[in-house]
Amino acid sequence: MTAKRFAMAVDTRRCVGCNACVISCKTENALPTGGFRDWVVQEVRGKFPDLSMEIRSERCNQCGAPSCVDACPTGASHVAEGGVVGVTRSKCTGCKACLAACPYGARWLHPEGFADKCTFCSHRVARGRQPACVETCPTRSLTFGDLADPDSAVAQLVARRRHHVVREEQGTRPNVFFLT
């Protein structure tokens, strides 16, 4: 049996930048003021008058080769089930080495002194539910699942749709795919 490899596909043709994912994540994870595990990016490309805009719901990329884990001096940052990059709060000293190592700006220092980030709502996934952002998205632009299962919706989308990852040149092997 192949090990699970959780991933997310973001359909940039459907995302309208409404921030429902951001608010649902913040609520689900009881994040303090100023703390966010996901965010919306608007990227404009081209030269006037031939412009295009891509709207992306971004978060930790749950990398296959996470530089944040390698940078962590205490072992608080680790790879958990399904390839999800996690932080053991009790081991984290708040040194910010992982924040500096993450090329995606996906980590932040929680006021309680530990590094915080998206976990693909592991607590929900363990109960057979989808991440809060996926359940909440009104345009259904977010798809979550096991990339190692060729029959999963996320694996099929990534296989059949044109897509890209953010900062591929970093060599971290991201598991968040932006469908174009």
Side-chain angles (χ1 to χ4, degrees), residues 5-63 66 68 82-87 99 102-112 115-147 149 152-168 170 172-180:
R5 182 177 160 216
F6 291 129
M8 186 173 286
V10 180
D11 190 332
T12 63
R13 291 188 284 184
R14 298 183 82 144
C15 181
V16 295
C18 70
N19 282 294
C21 56
V22 176
I23 295 165
S24 66
C25 173
K26 193 166 185 64
T27 302
E28 175 69 28
N29 296 290
L31 300 180
T33 301
F36 296 93
R37 290 182 173 185
D38 64 341
W39 57 94
V40 174
V41 171
Q42 295 180 357
E43 185 176 320
V44 177
R45 295 184 188 114
K47 188 173 178 179
F48 183 80
D50 297 314
L51 297 170
S52 66
M53 181 169 69
E54 180 176 85
I55 302 173
R56 298 189 302 262
S57 173
E58 291 191 11
R59 64 208 22 82
C60 171
N61 283 263
Q62 310 299 350
C63 299
C68 57
V84 174
V85 178
V87 177
L99 275 73
C102 176
Y104 308 101
R107 288 173 171 246
W108 55 282
L109 194 62
H110 193 282
E112 293 178 16
D116 203 347
K117 56 172 289 306
C118 169
T119 63
F120 277 163
C121 285
S122 295
H123 61 287
R124 292 171 63 99
V125 173
R127 295 190 318 258
R129 295 190 63 194
Q130 291 285 303
C133 59
V134 174
E135 266 189 21
T136 303
C137 181
T139 62
R140 302 290 178 236
S141 64
L142 304 175
T143 304
F144 171 81
D146 181 4
L147 204 57
D149 174 2
S152 74
V154 73
Q156 290 187 9
L157 280 170
V158 171
R160 75 172 190 256
R161 289 269 306 270
R162 225 177 65 188
H163 63 273
H164 65 92
V165 295
V166 179
R167 296 180 192 85
E168 184 173 20
Q170 296 293 318
T172 58
R173 298 193 331 262
N175 286 303
V176 175
F177 302 90
F178 298 97
L179 308 173
T180 56

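Sequence positions, counted from 1, serve as the residue numbers for this chain.
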Exercise. How many angstroms lie between NZ in K117 and CG in L99, if you round to the nearest 0.5 Å?
Worked result: 11.5 Å

Exercise. Nearest heavy-atom pair of C68 and V85: which atoms, and what distance?
Worked result: SG-CG1, 3.8 Å

Exercise. Does T180 have any side chain to side chain contact (heavy atoms under 4.5 Å, CB included) partners at least two apart in sequence or in another chain, and if so, which?
Worked result: T12, E54, R162, H164

For this session: Step by step, work out the side-chain contact (heavy atoms from CB on, under 4.5 Å) result for T172 and Y104.
Result: CA-CA 10 Å; T172 58; Y104 308 101; 2.5 Å; yes

For this session: Compare every heavy atom of V176 with every heavy atom of F178, then report the nearest pair and how far apart it is.
Result: CZ-CG1, 3.7 Å

Exercise. Would you call H163 and L157 a side-chain contact if the rule is heavy atoms closer than 4.5 Å?
Worked result: no

For this session: Check the pair R5, D146 against side-chain contact (heavy atoms from CB on, under 4.5 Å), reporting the backbone distance first and the verdict last.
Result: CA-CA 5 Å; R5 182 177 160 216; D146 181 4; 4.3 Å; yes

For this session: Work out which heavy atom in P131 is nearest to a heavy atom in C121; give both atom names and the distance.
Result: CA-CB, 3.6 Å

Exercise. Closest approach of S122 and T119, non-hydrogen atoms and distance?
Worked result: OG-O, 2.8 Å

Problem set entry | Distance in Å, D149 CG paired with Q156 CD, rounded so as to fall on 0.5 Å steps | 8.5 Å

Seminar exercise, completed: Residue set satisfying salt bridge (Lys or Arg N to Asp or Glu O under 4.0 Å) with R161, at least two apart, ordered chain then number -> D11

For this session: Could you tell me which residues satisfy ring-ring contact (aromatic ring centres under 6.0 Å, His included) with H110, sequence neighbours excluded, listed by chain and number?
Result: W108, F114

For this session: With sequence neighbours excluded, tell me which residues meet side chain to side chain contact (heavy atoms under 4.5 Å, CB included) with C137.
Result: T139, S141, L142

Problem set entry | Any donor-acceptor pair under 3.5 Å from D38 side chain to E58 backbone | no

Exercise. Tell me the ring pair (Phe, Tyr, Trp, His ring centres under 6.0 Å) pairs involving residues 123-147, sequence neighbours left out?
Worked result: F6-F144, F120-F144

Seminar exercise, completed: The reported gap from OG1 in T143 to CD in Q130 (rounded to nearest 0.5 angstrom) is 8.5 Å

For this session: Nearest 0.5 Å please: distance from the CG atom of L31 over to the CZ atom of R37.
Result: 5.5 Å

Exercise. Does S24 use its side chain to pair, donor to acceptor, with the backbone of C21 at less than 3.5 Å?
Worked result: yes

Problem set entry | Side chain to side chain, N61 and R167, heavy atoms closer than 4.5 Å | no

Problem set entry | Side-chain heavy-atom pair F177, V165 within 4.5 angstrom cut-off | yes

Problem set entry | From CZ (R107) to SG (C102), nearest 0.5 Å | 7.0 Å

Problem set entry | Separation of R124 CZ from C133 SG (nearest 0.5 Å) | 9.0 Å

Exercise. Do the side chain of D50 and the main chain of G46 share a donor and acceptor less than 3.5 angstrom apart?
Worked result: no

Problem set entry | Beyond-backbone contact of I55 with V40, side-chain heavy atoms, under 4.5 angstrom | yes

For this session: Would you name the heavy atoms of A7 and V154 that are closest together and state the gap between them?
Result: O-CG2, 3.9 Å

Exercise. For the side chain of Q62 and the backbone of C118, is there at least one donor-acceptor N/O pair under 3.5 Å apart?
Worked result: yes

Problem set entry | Test item: L147 and V158 side chains (from C-beta on) under 4.5 Å apart, heavy atoms | yes

Problem set entry | Under the side chain to side chain contact (heavy atoms under 4.5 Å, CB included) test, residues paired with F36 that sit two or more places apart | V22, K26

